[in-house]
Every structure is written in C-alpha cells, then in structure tokens.
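Take a look at the structure set out below.
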Amino acid sequence: MNGAQALMTTLLGSGVDVCFTNPGTSEMHFVAALDAVPEMRAVLGLFEGVVTGAADGYGRMAGRPAATLLHLGPGLGNGIANLHNARRARTPLVNIVGDHATTHRHLDPPLASDIESLARPVSTWVRTSATTDALAGDTADAVAGALGPPSGVATLVVPADLSWQEAGEPAPRRPLAHRREVDDDAVAGAAKALRSGEPAALLMGGSALGERGLMAASRVAGAAGAKLLCETFPAVLRRGAGLPAVERLGYLAEFTIAQLQGIRHLVLVDTPAPVSFFAYPGLPGSLVPEGCEVQVLAEADEDAPGALEALADALGAGADGAALQPARRPERPTGALDAQTAAAAIGALLPEGAVVSDEANTSGIFIPGSTDGAPRHDWLCLTGGAIGQGMPVATGAALACPGRRVLSLEADGSAMYTLQALWTQAREGLDVTTVIFANHSYAILELELSRVGAAAAGPRAQGMLRIDRPDLDFVALARGMGVPATRATTAEEFTAQLERALGEAGPALVEAVVA
Ligand SMILES: Cc1ncc(C[n+]2csc(CCOP(=O)(O)OP(=O)(O)O)c2C)c(N)n1
C-alpha cells in the first residue's frame, strides 16, 4: 500500500466516502488509488469553486464531511471563496491539497506557494503531513478536525512523495467528540430574560434550525411570547407545513432594524449577535437595538436543540408550542413572469422533501413567503456572501440526498461564477432542477450604489452593474454541458416548464426571463 492508498482507506474508515476533485500532477497517485479503493466515490469538478462548494453542500446535508482534492496553492486559491462560505456554514469538510514533493520544494518550482497561509483563514484545522508514516494518522485527525465540534474546514496538505512512497497501515477512526451540554446558568439566564414580560426574541442559527430545535423553540415562543428569528443566511433551515414559522433577519440593515425594533431581550442560539453586512453612512454596524440585553443560550460547540428543550422546560412550556405553519400553497400564476409570479409557481410546485439551494438574490425575495406552507423541505443559503455558491452546493446536496429533489435557485450573475457545476450534475445524473433568474443585471449592486451614498451613477458606472450586451443564453450554455434546458417568458410557460423539469430524472434547467 502506498501513501495515497493509505490516505484513501483511512478516509473510508473514518466515514468519508465522497471526494470532489480537480487534481494535477502532484495528486496523480490519489487519482491512481481510486481504482484500488473503489468504495470512494470520486466526482470531478471542472473548477475548484465547484469542488469546494459541492463539498460544502454535501457536508451540510450529510452532516459528515466529503473530501476535496485540490492542486497546490493555485487550485486551493480558486476554491477559497466557497471554502469561505463553508467556514461560515461551519460545514464539516476535509480539504486535501497536494503539494510538491518534499525533495522538490526547495527548488521553488513555478507552482510552489505558501499553501498553509492560503488555507488558514478558511480552516479550523491545518496540517502539512511530514512523512508517509504520519500520513494516515494525519488523515484520521483531519476528519476529526472537520467534525469538531465546532465543525469546519480541515485542510491537509500532502507533499507528492508521501503519496507514492510505501506506507504502513491505514489509521483507525478517531473517537467522535460530542457537543457540550449547555450549563444550567445559560438556561437560567435565558429563562429569566424571557420571563421578564418585556418584548423578547430568540435568534437562532446553525444546529438550532433542524426540526428538533425548531419544535423546542416553538414551545419557548408559546410559553414566553417571544418572537422566533433566525440568521439571514442559515446553512440549512428546515421549513414547511407543521413547523413553526421562523422569520429570517433581512439582508438590508434597515429591515433587520425594523424586525428587532422594541426587542428588550435577545437570546442567541448558536449564532452571533446581528451585524450589518456592510457599513452605510448614517446606519449602525451592530444591529442589536439600544437598551436590548443579549443572552447567549448556546455556542457553536454546544447542543443547541438540547438547550432549547431545557429552556422550554425551565419556562414550564407545554408540549404544544406557538402556532405551527399551516399547509398552504399559492395558486398557479398567470400573466407576466416576474419575481412574484415565479415565486408563486415555485410555491405551487415545490416537491415534498426538496432541498433548496437559494442563490436567487433579488429575484428570490418572494420565494420564502410562497413556500412556507409547502411540504417539509430544507433551505440552504449563501452563508458567507461570496457568490457562486448555489450551483456547487446544489450539486453536493444532491449527492448527499439521493431520492430527494434539489431545486437550485440562481440569479444570473451568480450563476456565471461556477456554471460548470451543471456539467458535474449531468455527468453524475443528479436530480437537480435549476432555475436561472435572468434579470440581466447585478441588481443588488444597483441598489447598493445608491445606499452607500456614491455619487449619482453615470452610464459608465451603470454599465458595470448590467450583464447585458451581449445577453447570456443559459439554454445554450446548459445544453452545451449536457443539461436539458428551456426558456420561459410568461408565468404559464414557467410553471409548465418547472413542473416538467421537477418531474424529470437527472438535471434540467429553466431560464426564467424576469426583466
Ligand atoms: C465572490 C464575490 N464576488 C463579488 C461579489 C459582489 N457582488 C455581490 S452581489 C453581486 C451581483 C449579484 O448579481 P446577481 O447574482 O445576478 O443577482 P441580482 O442582484 O441581480 O439579484 C456581486 C458581483 C460577491 N458578493 N462575492
């Protein structure tokens, strides 16, 4: 067994059996090892942003890491934006980066760079393996590092000679660490705040947003009259009929300020206190209202659902919580195709158990409202704000959730960052339905231009925020990557095309012309 085979066998033994790759010469022994270790599912991405984003989507939905395989510093660099999003999502992810052989690095060949320095800002764990004997153990440690808690990106740098030299045995799986139980003081502090009779809210994120956490939160809300809020861009939010309605904080600071207005007690559950995405003239950076007391119920490495249950018990909450979301769907829309009618079509058709990767940006503002009473589903957001996440995340989520339909909601500008994900979806036969919202602009930036107080925009500035001249043809682009595609220009066309695409095995794309 060589080092590459020992690494791969150790990954499998540690529960990692999917690897998203974009390899180079320094990783050839890993590629060769795939035939010796057939249980490892290897998935090729044609750009590293697809590889890292897919590993993020996989880890969010599987709750255990996938591995990546990236080529030296430049390959890692190409994948960093989506590792940044994975870091914000706290996704467990084993990020394997090949390096030059230890005997070769001192020559400073063209592809050499400081890989650890690139990896550190997006990783919770970084190690460069030093010897072939250490490689399997380092791999098992990397999986443990990815799982945490808190979970995150564990980057293992592997010099090429370690993978071709003879290795000993694969390393055993490391013992699983568990999230800490929250201490009684945190529960008592939150209970006291919620009993004050003053306006209060629970602000939830991360691991609080599964069914168990949400049902406990609804008991808390029922007993204390507290508002249920969650972070703007959750990694995975469970939603739909029969679950409590949770209001996501708005992206725009003004919206968040309005949502939190009058709140005197804010209880944080696995999420930081809210801040504005950017600084704007005349607006505060921290969005905690003045005079509002903040209590931390659970941190990132603590058992948030357990903490919410303990809080509900401490408040003497009954088994039934606040009102749950009734089952409801919008009518099929007719007429012009715009953000509102597109949202109605999605609400009318969203399949039970769907996984929604949401990077619809400004075109998506009505979709949460049109789907809140749909059958249960999961909602995956742009956690770190680095666009080009949605299509790779959809790809990885589909691999993690066979049998479930993935709906990839994409704004046209964001789609163009990592459009190659479509090719991977076609090659792997993944049940991903993509909707491209073609508004031919960077619409959010058109809005931001005025919000930051920039000078009145002339035609040259406006030209930087339009993505027309030429218009992008997503039907041709998708077909060119093996994904069947159609274009809709009316609400009726969109509804019919989306229904057909959702019913098809494998990927399909609908371009929705919304402006
Ligand atoms: C990696 C990265 N590059 C650039 C940006 C800045 N940015 C934010 S939104 C945006 C354009 C969004 O356009 P689109 O995806 O079409 O959505 P729309 O605003 O039109 O709804 C850009 C370039 C970013 N957030 N992340």
Side-chain angles (χ1 to χ4, degrees), residues 47-54 56-57 76-89 118 121-122 232-233 248 250-253 255 275-280 337-343 346 356-369 380-394 408-422 434-452 454 457 460-474 477-478 487 494 509-515:
F47 175 68
E48 291 85 348
V50 174
V51 169
T52 53
D56 181 10
L76 172 60
N78 278 347
I80 277 185
N82 276 335
L83 289 174
H84 161 85
N85 288 320
R87 174 175 82 92
R88 289 292 184 190
L118 289 167
V122 290
T232 309
F233 290 141
R248 271 167 61 193
Y251 165 74
L252 299 177
F255 281 30
V275 298
S276 174
F277 273 76
F278 297 99
Y280 299 97
L337 183 57
D338 54 26
Q340 219 154 351
T341 49
I346 291 163
V356 180
S357 175
D358 179 3
E359 196 173 38
N361 300 353
T362 60
S363 299
I365 49 172
F366 300 108
I367 306 173
L380 281 54
C381 295
L382 182 56
T383 46
I387 59 175
Q389 172 196 270
M391 299 173 84
V393 159
S408 179
L409 302 174
E410 270 298 310
D412 51 2
S414 296
M416 289 307 292
Y417 284 66
T418 42
L419 195 72
Q420 304 93 322
L422 290 175
T434 299
V435 174
I436 301 282
F437 292 93
N439 66 2
H440 309 124
S441 76
Y442 284 170
I444 187 70
L445 297 185
E446 292 175 332
L447 176 69
E448 295 281 24
L449 189 67
S450 57
R451 276 163 45 82
V452 295
R460 279 159 57 87
Q462 282 167 3
M464 294 302 102
L465 308 180
R466 301 277 319 158
I467 52 172
D468 52 4
R469 297 182 292 126
D471 279 346
L472 292 153
D473 181 345
F474 283 96
L477 288 164
R487 178 176 296 114
F494 179 65
L509 179 144
V510 179
E511 178 181 337
V513 180
V514 287

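Order of appearance sets the numbers: ligands from 1, and atoms from 1 within every ligand.
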### Task
Check ligand 1 against A411 and write out every atom of the ligand that is under 4.0 Å from a heavy-atom position of the residue.
14 (P), 15 (O), 16 (O), 17 (O)
#### Entry: Pair Y417-Q389, side-chain donor/acceptor within less than 3.5 Å
no
### Message
Suppose I only count heavy atoms of A386 and a 4.0 Å limit; which atoms of ligand 1 are within that range?
### Response
26 (N)
### Message
Looking at non-hydrogen atoms alone, which of I467, D412, I387 comes nearest to atom 5 (C) of ligand 1?
### Response
I387
### Task
Could you find the nearest protein heavy atom to atom 13 (O) of ligand 1 and give me its residue, atom name and distance?
Y442 CD2, 3.3 Å
### Task
Evaluate ring-ring contact (aromatic ring centres under 6.0 Å, His included) for F437 paired with F474, printing each intermediate quantity in order.
CA-CA 10 Å; F437 292 93; F474 283 96; over 10 Å; no
### Where ligand 1 meets G385 - atom numbers and elements under 4.0 angstrom, heavy-atom basis
24 (C), 25 (N), 26 (N)
### Query
Would you say L445 and ligand 1 have an N/O pair spaced under 3.5 Å apart?
no
### Side chains of L382 and D358 in contact at under 4.5 Å (non-hydrogen atoms)
no
### Task
State the atoms of ligand 1, each with its element, that fall below the 4.0 Å cut-off from a heavy-atom position in S441.
13 (O), 16 (O), 20 (O)
### Query
At a 4.0 Å threshold, what atoms of ligand 1 neighbour a non-hydrogen atom of G413?
14 (P), 15 (O), 16 (O)
#### Entry: Residue and atom name of the nearest protein heavy atom (relative to atom 9 (S) of ligand 1), distance in Å to one decimal
I444 CG2, 3.2 Å
### Message
What I want to check is whether the side chains of S414 and N361 have a donor and an acceptor closer together than 3.5 Å.
### Response
yes
### From CA spacing to verdict: side chain to side chain contact (heavy atoms under 4.5 Å, CB included), V452, F278
CA-CA 9 Å; V452 295; F278 297 99; over 6 Å; no
### Query
Where do E359 and A386 come nearest, in terms of heavy atoms and distance?
OE2-O, 4.3 Å
### Task
Taking the side chain as every heavy atom from C-beta outward, state whether L472 and I436 have any atom pair closer than 4.5 Å.
no
### Message
One residue to check: S414. Relative to ligand 1, which of side chain, backbone, both or neither has a non-hydrogen atom less than 4.0 Å away?
### Response
both
#### Entry: Structural part of Y417 in contact with ligand 1, heavy atom criterion under 4.0 angstrom
side chain
### Task
Using a 4.5 Å cut-off on heavy atoms from C-beta on, say whether the side chain of I80 contacts that of L76.
yes
### Query
Given that the side chain starts at C-beta and the backbone is N, CA, C, O, which of these parts of N439 lies under 4.0 Å from ligand 1, counting heavy atoms, or is it both or neither?
side chain
### Query
Tell me: protein heavy atom nearest atom 21 (O) of ligand 1, and distance?
T362 OG1, 2.5 Å
### Task
Look at the aromatic rings of F277 and F233 and report parallel, tilted or perpendicular, splitting at 30° and 60°.
perpendicular
